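Below is one structure, written out as structure tokens; comments come after it.
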Amino acid sequence: MSRVNLLGLNRKAMGEFFTEIGEKPFRATQVLKWLHQYGVSEFDAMTNLSKSLRERLQVEAEIRAPEVILDQLSEDGTRKWLLRLPDGNAIEMVFIPEKDRGTLCISSQVGCALDCSFCSTAQQGFNRNLSSAEIIGQLWLANQLLGKDPKGERKVTNVVFMGMGEPLLNFDAVVSAMDLMVDDHGYGMSKRRVTLSTSGVVPALMRLKETSDVALAVSLHAVRDELRNELVPINRKYPIKELMAACRHYIDREGRRKVTWEYVMLAGVNDSERDARELVKLLKGIPSKVNLIPFNPFPETRYRSSDSETITRFQNILVNAGIVTIRRKTRGEDIDAACGQLAGQVQDRTKRRFRNVEVTQESI
Ligand code: SAH
């Protein structure tokens, strides 16, 4: 019998687990708090459980997070970890500290199936979905690795699903992990501080509205179908018009949500003044924030980033139309942690690291 990894169980699943083994439902709350609020990794540390229950859990359950293979710190403070999963696959996780917050960028899949032409994860192809334990395990692990700030607060204040993979193509596991992030017995984060980023899987986005209430980011990158088909091929299945309708649908509850649009700036491809003006038209009536992302190059890409002046011109058109537009700073470039640079060569690197016994968690 394989043991249940308790990290992956949200409040409901944890309740079911304890009912099934003949325990009282309040045990679920106790264990959730031990795992996610105190960050314990041993059942023996759960001192309000009886000794016999702890022994039983040791037999039937486990607490297993991904393991660190490699830990890199960028000059700008961005930190990237290469993590190993139980089956030997590897994923990446990035922490981006800022003055007023700390953002953890997590992965939802090993590789990605979407094949966006400007993204280096695409080159790796799709391997498999992460389990909810592997997704929440990233946050659990980051809290352990980073410790607390001098005020005793956790350093991770925000989570974004902007690592490897398309979260909406791993719907159940992602939603279950997000439940734990916002659950008061879990991480207790505000739903505004958990952001799901999608390239636009329309039916899943419609479903998300029924099950979740987190912040939404959409990787738009082009305002015309012809170009978006090329940059973000899932657009052929769910074209811009359908995507915009799904986004309106997602935010039309209580009217206070907004969509963050990600727009990678590719020189001569999607960065003209006409593109900017069409973007203004497209976003009309949708509470929006636009993130302009300078393209991060990777080996053998045919794209270049737009230059600074072009980005400013593009930004000004949006700002003058009243759209909040941020030019995203490129972070962690020196350690390949910037957008789209996650794990092109992970498999390769992982194998290399596994051979090198010196690089273990203890030695980092
Ligand atoms: N699949 C999801 C989650 C990945 S998020 C999504 O598409 O939203 C990663 C973000 O970085 C996306 O907006 C993606 O389009 C962007 N990105 C990918 N490659 C990039 C690159 N080389 N330079 C800049 N941004 C990139």
Side-chain angles (χ1 to χ4, degrees), residues 78 80 91-94 96 103-127 129-130 135 138 158-171 173-174 177-178 194-202 204-205 208 214-223 227-228 230-235 237-238 240 243 246-247 250 259-267 269-271 289-306 311 326-333 336-345:
T78 301
K80 182 174 78 167
I91 51 168
E92 294 190 327
M93 167 171 93
V94 181
I96 306 154
T103 303
L104 187 71
C105 177
I106 62 173
S107 295
S108 58
Q109 300 181 311
V110 183
C112 188
L114 292 182
D115 208 22
C116 298
S117 59
F118 56 88
C119 177
S120 79
T121 304
Q123 321 248 308
Q124 194 191 340
F126 174 69
N127 191 315
N129 279 332
L130 297 187
I135 298 171
Q138 295 171 65
N158 294 50
V159 172
V160 296
F161 280 83
M162 295 186 188
M164 293 162 69
E166 168 49 52
L168 288 184
L169 290 180
N170 184 13
F171 194 90
V174 165
M178 292 192 307
V194 176
T195 301
L196 183 142
S197 177
T198 180
S199 56
V201 187
V202 166
L205 187 50
L208 186 68
V214 297
L216 177 67
V218 174
S219 295
L220 189 62
H221 307 312
V223 286
L227 178 59
R228 195 162 189 273
E230 195 186 302
L231 299 179
V232 186
I234 199 171
N235 192 70
K237 211 162 173 188
Y238 309 115
I240 293 174
L243 174 59
C247 291
Y250 188 78
V259 181
T260 299
W261 306 95
E262 290 154 278
Y263 196 99
V264 62
M265 297 299 291
L266 304 169
V269 175
N270 65 354
D271 62 350
K289 178 182 151 195
V290 174
N291 270 339
L292 299 178
I293 316 173
F295 171 66
N296 294 305
F298 50 89
E300 289 173 46
T301 177
R302 60 181 186 273
Y303 299 111
R304 277 183 307 116
S305 178
S306 313
I311 300 180
I326 311 291
R327 175 181 185 152
R328 201 190 277 169
K329 261 193 291 175
T330 291
R331 302 283 306 250
E333 239 175 329
D336 279 1
C339 298
Q341 293 188 321
L342 292 182
Q345 303 139 12

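Each ligand, and each atom within it, is numbered from 1 in the order the structure gives. Just so we're clear, the structure is a prediction, and the values are computed from it rather than from any experiment.
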Which part of [X] is near ligand 1, with near meaning a heavy atom under 4.0 Å away: side chain, backbone, both or neither?
X      : result
Val264 : side chain
Thr198 : backbone
His221 : side chain

Could you tell me which non-hydrogen atom of [X] sits nearest to which non-hydrogen atom of [Y], and how far apart they are?
X      : Y      : value
Ala122 : Cys116 : CB-O, 3.5 Å
Phe161 : Pro167 : CB-CG, 3.9 Å
Val232 : Leu220 : CG2-O, 4.3 Å

Answer yes or no: does an N/O atom from Phe118 fall short of 3.5 Å to an N/O atom of ligand 1?
yes
Under 3.5 Å between some N or O of ligand 1 and some N or O of Gly165?
yes
What class does the angle between the rings of His221 and Tyr263 fall in, given that below 30° is parallel, 30 to 60° is tilted and above 60° is perpendicular?
tilted
Close-contact set for ligand 1 against [X] heavy atoms, below 4.0 Å:
X      : answer
Cys119 : 18 (C), 19 (N)
Phe161 : 3 (C)
Ile293 : 24 (C), 25 (N)
Ser199 : 6 (C), 7 (O), 8 (O)

According to side-chain contact (heavy atoms from CB on, under 4.5 Å), who are the partners of Thr198, at least two apart in sequence or on a separate chain?
Glu166, Leu168, Leu196, Val201, Leu216, Val218
Treating Asn170 as the side-chain partner and Ser108 as the backbone partner, does any N or O pair qualify as donor plus acceptor under 3.5 Å?
yes
Are Gly163 and ligand 1 in contact, using a heavy-atom cut-off of under 4.0 Å?
yes
Those residues that, when tested against Glu262, pass salt bridge (Lys or Arg N to Asp or Glu O under 4.0 Å) (two or more places apart)
Arg328
Can you figure out which of Arg328, Gln109, Glu262 has its heavy atom closest to atom 10 (C) of ligand 1?
Glu262
For the CD1 atom of Ile293 and the OG atom of Ser305, what is their distance to the nearest 0.5 Å?
10.5 Å
